[in-house]
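These notes are about the structure you will find just below.
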Amino acid sequence: MASSSSQDSTGSLGSAGDLHPGIATIRTIALVGPAGAGKTTLLEALLLQAGAITQAGSIERGSTVSDHDPLERKMQHSLHASLVHMNHGGIRIHAIDTPGAPDFIGQSLPALEAADTAIVVLDAQNGIELMASRMIEAAQQRGLCRAIVINKIDAPELDLPALLGQIREAFGRECLPLNLPAGGGARVVDCFFNNIGDTDFSSAAAAHQALVEQVVEVDAAFVDRYLNEGDVDPRELHAPLEQALREGHLIPVCFTSAKTGAGVVELLDVIERLLPNPAEGNPPQFLQGEGDAAEPLQARPDPNAHVLAHVFKIISDPYLGKMGICRVHQGTLTKSSQLFVGHARKCFRVGHLFMLQGGKHVEVEQALPGDLCAIAKVEELRYDAVLHDAQEDEHIHLKPLDFPVPVHGLAISPARRGDEQKLWEIVTRIVDEDPCLKIDHVAQTNETLVYGLGELHLRMLLERLRDNYKFEVQTQPPRIAYRETISAPAEGHYRHKKQSGGAGQFGEVYLRIEPLERGAGFEFVDAVKGGTIPGQFMPAVEKGVRSALDSGVIAGYPLVDLRVTVFDGKHHSVDSKEIAFITAGRRALMAAVREARPLVLEPIVHVEISAPDTAMGDITGDLASRRGQVNGTRSAVPGTMVVQGLAPLAELASYQTRLNAMTSGQGRYTLVLSHYEPVPPNTQTALTSAHKVREEE
């Protein structure tokens with residue numbers, strides 16, 4: 001890390017030392033935050049200002065660089081993380097534009113693994129929305145430098161001082177403005193390098209003083225100078241500024257209007273002069289080894305070291321094949337690089353190396369630490385894979401992200417009989433691109449199920465099937481991701497004996513089950529003594545047990561939160577085979593579950609509803625009628641309230657339609673899985689009865 005500073009020929013503050021000059025000029029940022037805050041339009045304005053484009057596109061015309069997917073242009077909002085790059089003032093800036101709808105957080109969170117700075121964009125009219133809070137918290141957990149941009153400062157009837165106060169209250173007193181709006185939002189005034197100028201509120205001098213005091217606090221020598229001299233030249237504060245950003249001691253706040261261009265030049269200047277290069281940001285959280293034995297490993301932004309790159313995005317194109325988008329953390333990638341994918345024993349040759357400009361592929365010769373690049377037509381690539389060029393690095397991986405659990409389910413089938421395998425292959429490609437999509441096949445009902453984070457998430461998957469892959473499907477009503485569990489201990493026994501001429505089948509299993517705490521999962525214990533079940537057959541018993549767990553017993557949903565202890569059994573020296581013990585293990589577990597007071601569990605979700613305050617009574621009453629409970633309310637922007645509560649997911653099907661009716665179309669809501677609880681008795685009866693009918697059919 002830099003410990004001293006100097007000003008380079010571009011006018012930006014450069015770190016002294018032996019850092020590779022190419023790395024010193026790289027900035028990698030991710031624009032995150034709620035839908036409608038203007039991230040895509042802001043990025044378009046930055047590209048224009050940097051000279052990367054000659055004319056700014058618009059979302060309405062479908063002509064922006066980052067929203068290049070036909071479905072994004074049709075929907076007029078971002079659905080995927082999109083990459084662009086620009087050069088300005090001797091600096092190469094990589095920027096990731098991310099979707100803001102909560103359903104697509106599986107595209108937004110991985111961007112944090114590729115960036116050195118997360119820039120949270122807020123709509124000045126809507127204030128702090130849920131996605132802003134979620135993304136700034138996720139960035140903090142990943143140790144990223146953070147900044148906040150308040151966009152749309154040209155909108156009428158704003159209270160920007162109050163919004164800045166809300167930001168500091170919500171995210172910490174370390175949120176300080178680097179610039180302030182002036183001329184009624186027509187321009188902004190820098191407050192870090194400058195301490196004079198008229199502003200719309202506060203003053204440049206006061207903001208400058210607060211910034212300098214915040215930055216010098218991390219360096220005792222500068223504190224002494226500040227106390228003795230009364231001020232410090234900001235151009236000397238590069239090293240303590242980067243330290244303050246790394247430690248979260250400073251979260252800069254900037255003001256812009258992407259529409260009018262106000263503050264865009266100043267934001268570009270902030271990115272160039274103040275935000276960290278790959279050597280100044282916090283290093284990624286790599287681990288070496290597996291499980292509890294894994295130890296932290298720090299990647300070095302050294303272009304001469306072994307290559308370490310992380311795949312943070314997968315693109316599956318029906319015509320171009322699979323493309324892996326990766327961040328280089330260590331070493332240098334070239335078109336002749338020979339790379340391994342994780343544990344793979346066989347390497348692949350890169351062949352073509354690209355930087356992405358929205359939907360365009362710009363071929364490059366090399367990528368340095370901090371660069372974002374794309375590798376095409378390598379089927380082995382997968383999300384979260386670490387690419388390396390030395391086999392001894394095969395056990396290196398990034399600390400995994402904590403993604404929301406997909407709980408909205410939909411049964412899909414091909415419109416044309418015989419296309420089941422093709423459907424599975426296409427949906428698998430789409431699921432590979434999004435960590436918050438899941439595909440499953442239910443053998444009992446021969447159904448293909450897809451799970452996502454919400455109705456919009458699944459609707460966009462169906463749109464992609466139809467528009468991108470020209471594949472028509474039929475859908476069944478959404479399925480709730482119920483689970484089964486037990487509430488009491490019980491024992492089960494099954495003897496499998498089959499004799500039909502020639503070699504027979506024999507296996508007998510005695511087992512005991514007991515409930516575990518909610519969320520504990522599954523434990524399998526081998527307590528057999530005396531060799532009544534030979535060791536070579538115990539994996540078969542466990543396989544049979546797990547097959548019953550997957551398919552469920554009373555309602556056809558996966559069994560969770562129980563311990564299974566196999567304590568006795570019998571075998572035959574000739575007739576015992578794996579298939580016999582698989583069957584005996586499965587049937588013994590099913591028998592035990594039926595005696596263990598089984599329960600069906602339903603997903604309970606955190607729901608956050610933003611709506612006009614005049615509709616609060618209707619919303620809280622409606623939530624209560626859906627077996628929900630209100631945990632609290634808070635004010636958002638004037639005239640708007642936010643209701644937070646818990647409710648069963650099953651009660652919120654098509655909730656947006658009901659919310660639209662109560663709020664004249666002005667309400668919005670988000671759901672996040674909280675926990676599982678037993679369903680009401682009448683619901684359990686209905687689910688188990690339906691399962692019996694399916695089994696009989």
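Keep in mind that the numbers below use all heavy atoms, side chains included, and drop hydrogens, waters and symmetry copies. FYI, the numbering just counts along the sequence from 1.
- Counting only heavy atoms from C-beta outward, the side chains of Pro102 and Met131 approach each other to under 4.5 Å.
- Side-chain contact between Thr448 and His441 is present, with at least one heavy-atom pair separated by less than 4.5 Å.
- Contacts classified as salt bridge (charged side-chain N to carboxylate O under 4.0 Å, His left out) and involving residues 369-383 (residues at least two apart or in different chains) are given here: Arg92-Asp371.
- Between Phe312 atom CZ and Leu401 atom CG the span is 12.0 Å, to the nearest 0.5 Å.
- By the 30° and 60° cut-offs, the orientation of the rings of His85 relative to His94 is tilted.
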message: Please determine whether side-chain contact (heavy atoms from CB on, under 4.5 Å) holds for the pair Val545 and Leu511, giving the CA-CA distance in whole Å, both sets of side-chain angles, and the decisive distance to 0.1 Å.
response: CA-CA 10 Å; Val545 166; Leu511 54 76; 4.2 Å; yes
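- Side-chain atoms of Ser108 come within 3.5 Å of backbone atoms of Pro99 as a donor-acceptor pair (strictly under, hydrogens ignored).
- The closest side-chain heavy-atom distance from Glu433 to Arg464 is below 4.5 Å.
- Side-chain contact, His606 with Gln644: no donor N or O sits under 3.5 Å from an acceptor N or O.
- Annotation: cation-pi geometry satisfied between Arg512 and Phe567 (NZ/CZ under 6.0 angstrom from ring centroid, within 45° of ring axis).
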field: CA sep, side-chain torsions, deciding dist, call: Glu280, Arg246, salt bridge (Lys or Arg N to Asp or Glu O under 4.0 Å)
entry: CA-CA 8 Å; Glu280 292 170 332; Arg246 283 193 303 274; over 6 Å; no
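- Asp561 places a side-chain N or O within donor-acceptor distance of the main-chain N or O of Gly519, the cut-off being under 3.5 Å.
- Checked by atom type and distance alone, the side chain of Gln684 pairs as donor or acceptor with a backbone atom of Val600 at under 3.5 Å.
- At a threshold of 4.5 Å between non-hydrogen side-chain atoms, the residues Arg483 and Leu559 do not count as touching.
- For Phe104 and His457, the ring centers sit closer than 6.0 Å to each other.
- Here the closest non-hydrogen pair linking Val509 and Ile533 is CG2-CD1, 4.2 Å.
- Residues Val341 and Ala385 approach most closely at CG1-CB, 3.8 Å, considering heavy atoms.
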query: Given Gln243 and His249, is the side-chain hydrogen bond (donor to acceptor under 3.5 Å, both in side chains) satisfied, shown in steps?
result: CA-CA 8 Å; Gln243 182 180 344; His249 191 66; over 6 Å; no
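- Take His310 and apply the ring-ring contact (aromatic ring centres under 6.0 Å, His included) test, not counting sequence neighbours, and it matches no residue.
- Counted within 6.0 Å of NZ on Lys335, heavy atoms from surrounding residues, nucleotides or ligands total more than 12; the atom is thus considered enclosed.
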Trace of the side-chain hydrogen bond (donor to acceptor under 3.5 Å, both in side chains) decision for Glu295 with Gln288: CA-CA 5 Å; Glu295 297 181 352; Gln288 186 165 27; over 6 Å; no
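- Between the side chain of Asn282 and the backbone N or O of Gly143, at least one donor-acceptor pair lies under 3.5 Å.
- A donor-acceptor pair under 3.5 Å is formed between the side chain of Arg586 and the backbone N or O of Ser547.
- Residues His388 and Ile396 form no side-chain contact, since every pair of their non-hydrogen atoms from C-beta on lies 4.5 Å or further apart.
- The pair Arg134-Glu608 does not meet the salt-bridge criterion, since no charged nitrogen lies less than 4.0 angstrom from a carboxylate oxygen.
- With Arg597 contributing its side chain and Arg594 its backbone, the two residues share no donor-acceptor pair below 3.5 Å.
- A donor-acceptor distance shorter than 3.5 angstrom exists from the side chain of Glu484 to the backbone of Ala555, with no hydrogens or angles considered.
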task: Would you check, one step at a time, whether the test side-chain hydrogen bond (donor to acceptor under 3.5 Å, both in side chains) holds for His493 with Glu491?
output: CA-CA 7 Å; His493 158 246; Glu491 291 187 359; over 6 Å; no
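- With hydrogens and angles ignored, the 3.5 Å screen pairs no side-chain donor or acceptor of Asp568 with any backbone N or O of Tyr510.
- In this structure, Thr485 contributes its side chain and Leu599 its backbone to no donor-acceptor pair below 3.5 Å.
- A 4.5 Å side-chain heavy-atom check between Thr98 and Gln107 finds every atom pair outside the cut-off.
- Using a distance-only test at 3.5 Å, with no hydrogens or angles considered, no donor-acceptor pair links the side chain of Lys313 to the main chain of Pro110.
- In this structure the side chain of Met538 reaches within 4.5 angstrom of the side chain of Phe524, judged on heavy atoms.
- You'll find the side chain of Val541 stays beyond 4.5 Å of the side chain of Val528, heavy atoms only.
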